Amino acid sequence: MQSLSKIWKQWLAENGSRLLLFARSWGKTREDAEDLVQEAVLKMWHYQQAENRGGGPPDLPLMFSTIRFAGLMLHRTESRRRKREESIVFLNDFEDVWLDPVLEEDEEAVLMREAVQNLSDKLREVVVMKTWGGLTFAQISEALGISPNTAASRYRYALEQLSQSMQKVKEVRFG
Amino acid sequence: MDKTYTPTEIEKALRNLMPVALSESISSETEEMLDQLGSDILVPIPRKRALSAWMVPAGIAALVAFLLTFFLSQSRQLERATVGDALSSENIGPLVSFLTESDRVENFSDDGLIVDDSGSAVHKVRVRVVEESKVRDEETGIIVQLTEPREEMYLVPVSTF
C-alpha cells in the first residue's frame with residue numbers, strides 16, 4: 001500500500017513543469033502562475049475524491065482546463081488598471097524564462113523560446129498543450145471549448161508565426 | 001541568410017526546449033498540502049506479476065499488454081473533461097462548464113496628440129474591447145454569457161509631424 005499523497009506528489013514531480021508553462025499564459029508573473037497550478041491541484045484533489053474517480057491524479061486535459069478556468073477567474077478579480085500600470089514596470093525579466101534549452105549554448109533554442117513567449121495567448125496555449133503536454137487536437141479541443149479543427153488551425157498558424165519570427169531574427173542578426 | 005523553417009523544423013526546435021520546473025518553495029508548499037490532505041489515505045500498489053505468470057510465449061504476452069494499454073488509453077481519451085466536473089466540491093463553488101471565449105473590438109477612438117513639457121508628443125488611441133465567455137451551469141443546464149468590457153489605451157510616440 002502507498003499513500004495517495006505520495007502518488008500525487010510523484011505525478012506533480014512529473015507534470016509540474018508543463019503545468020507551470022501552461023499557467024504562465026494566465027499569470028502575469030511566475031509566482032501568479034505557480035499559485036494557479038497549486039490552486040488547480042487543490043481543486044482536482046477534491047474532484048478526484050468523488051466515489052467513482054479513484055482519488056488519483058487527473059488526466060492532463062482536465063488539469064489544463066482547470067488551470068485555464070482558475071486563470072480566467074484571476075483575470076476577472078484583479079484590477080485591470082493595476083495590471084496596465086504594472087505591465088509598464090514588468091518588462092522582460094531576462095531571468096524569468098518559461099522554457100530552458102535542452103542543450104546548453106543552443107542559440108537557436110534561445111531564439112525559439114523568445115518567439116514562443118511572444119505568441120498570442122490563444123496560439124501559445126495550443127502549442128504548449130500539443131508540444132509539452134502531449135495532447136491530441138481532440139483533447140485540446142475539449143480542454144479549450146473549441147472544435148478540433150480550430151485547435152489544429154491555431155497550431156498550424158502558430159508554427160507559421162514561429163517560422164516567420166525565427167526567419168526575421170536571423171535576417172536581422174546575420175543579414 | 002535566407003532560411004525558411006518548415007513546420008517539422010519548428011516542431012523539432014520546440015522539442016529542444018523544456019519547461020522550467022516549479023520553484024522549490026511552491027513544490028514544497030504543494031507537497032505539504034498534499035500530505036495534509038491524503039497521507040493517511042492508502043491505496044494498493046499495483047502488484048507485479050510473478051515471473052511464472054508470464055511463462056507464456058513472450059510475443060503473446062507482449063501483444064496482450066500492448067492491446068490493453070492501447071484500448072485503455074483510447075477509452076480515457078473519450079472521457080469528457082469539463083471544468084464543471086473539476087469544480088464539484090462544496091468547498092469550491094457552483095458547477096460550471098467553460099464553453100467558449102472570444103475578444104471583440106467594439107470601438108476605436110482617436111484622442112489626438114498629447115504633448116508634455118519637454119515637447120515630446122504621443123498619439124493617444126482608445127480601444128474598447130469586449131471579452132465574452134460562455135459558461136454552462138451543470139446543475140440547471142443554463143448557459144450564461146459573461147461579458148467583460150474593458151478599455152485599453154495606447155500611447156504611440158510621434159516623431160515627425
Side-chain angles (χ1 to χ4, degrees), chain A residues 1-5 7-9 12 16-18 20-21 30 34 37-38 41-47 50 55 59 61-62 65-66 68-69 72 76 80 97-103 106 108-109 112-113 116 127 131-132 136 138-139 142-143 145-146 156 159 162-163 166-167 170-171 174-175, chain B residues 1-7 9-11 13-23 25-27 29-31 33-45 76-77 79-83 85-92 96-101 131 133-134 146 148 150-153:
Chain A
M1 302 289 268
Q2 63 177 341
S3 72
L4 201 51
S5 63
I7 296 173
W8 275 76
K9 287 194 282 189
L12 186 65
S17 55
R18 53 177 64 98
L20 175 62
L21 178 61
R30 183 193 172 118
E34 288 187 328
V37 171
Q38 190 181 61
V41 167
L42 179 61
K43 280 183 165 66
M44 289 313 311
W45 170 276
H46 287 295
Y47 171 70
D59 290 336
L62 188 53
S65 198
T66 307
R68 193 162 186 270
F69 194 86
L72 188 71
R76 291 188 189 288
R80 300 197 76 84
V97 295
W98 300 7
L99 296 155
D100 276 331
V102 171
L103 301 171
D106 185 345
E108 190 173 79
M112 179 60 73
R113 170 175 71 194
V116 170
V127 170
T131 306
W132 295 286
T136 63
Q139 290 171 317
E142 290 275 355
I146 57 178
R156 275 194 297 274
L159 294 190
L162 290 172
S163 174
M166 293 294 286
Q167 191 176 350
K170 288 218 165 179
E171 279 171 6
F174 304 112
Chain B
M1 184 168 157
D2 183 19
K3 172 162 175 66
T4 304
Y5 290 84
T6 64
E9 285 170 326
I10 292 292
E11 286 179 318
L14 288 171
R15 285 193 291 273
N16 288 334
L17 290 164
M18 57 184 178
V20 297
L22 290 169
S23 65
S25 60
I26 201 72
S27 292
E29 214 174 280
T30 309
E31 286 180 358
M33 177 184 80
L34 289 168
D35 280 334
Q36 285 172 6
L37 288 167
S39 61
D40 55 349
I41 301 175
L42 297 175
V43 294
I45 302 171
R76 196 172 297 150
Q77 286 179 17
E79 281 178 4
R80 188 164 184 82
T82 66
V83 176
D85 291 337
L87 298 180
S88 87
S89 160
E90 64 183 11
N91 294 325
I92 291 168
V96 293
S97 283
F98 182 77
L99 299 177
T100 62
E101 182 193 31
E131 186 178 326
S133 306
K134 272 191 187 169
L146 306 174
E148 185 183 6
R150 66 177 187 269
E151 198 168 76
E152 297 178 352
M153 188 171 68

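Here the structure is a predicted model, which is why all the values come from computation and not from measurement. Within every chain, numbering begins at 1; the chains are lettered A, B, ... in the order of the sequence lines, protein sequences first and strands thereafter.
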Measuring heavy-atom distances to chain B, does A/Arg30 have an atom under 4.5 Å in its side chain, in its backbone, in both, or in neither?
side chain

B/Met18 versus chain A, the contacting section by heavy-atom distance below 4.5 Å:
both

Looking only at A/Val37, A/Thr131, A/Asp100, most heavy-atom pairs under 4.5 Å shared with chain B are made by A/Asp100

Short side-chain to backbone donor-acceptor contact, A/Trp132 and B/Leu17, under 3.5 Å:
yes

Just to verify, what does A/Trp98 make a ring pair (Phe, Tyr, Trp, His ring centres under 6.0 Å) with, not counting sequence neighbours?
none

Quick check on B/Glu29 against chain A: is it the side chain, the backbone, both or neither that has a heavy atom closer than 4.5 Å?
both

Out of B/Thr6, B/Leu37, B/Asp35, which one racks up the most heavy-atom pairs below 4.5 Å with chain A?
B/Leu37

Taking all non-hydrogen atoms of both residues, which atom of B/Tyr5 and which atom of B/Ile10 are closest, and how far apart?
CB-CD1, 3.6 Å

What pair of heavy atoms forms the shortest contact from B/Leu34 to A/Trp45, and how long is it?
CD2-CE3, 3.8 Å

Of the non-hydrogen atoms in A/Arg113 and A/Pro101, which two are nearest, and what is the gap between them?
NH1-CD, 3.8 Å

Scored by heavy-atom pairs under 4.5 Å with chain A, the best of B/Ala13, B/Pro19, B/Gly38 is B/Pro19

Using atom types as modelled and distance alone, determine if a side-chain donor or acceptor of A/Ser163 lies under 3.5 Å from a backbone N or O of A/Leu159.
no

Checking heavy atoms, do the side chain of A/Leu21, its backbone, both or neither come under 4.5 Å from chain B?
side chain

In terms of heavy-atom proximity below 4.5 Å to chain B, should A/Ala109 be classed as side chain, backbone, both, or neither?
both

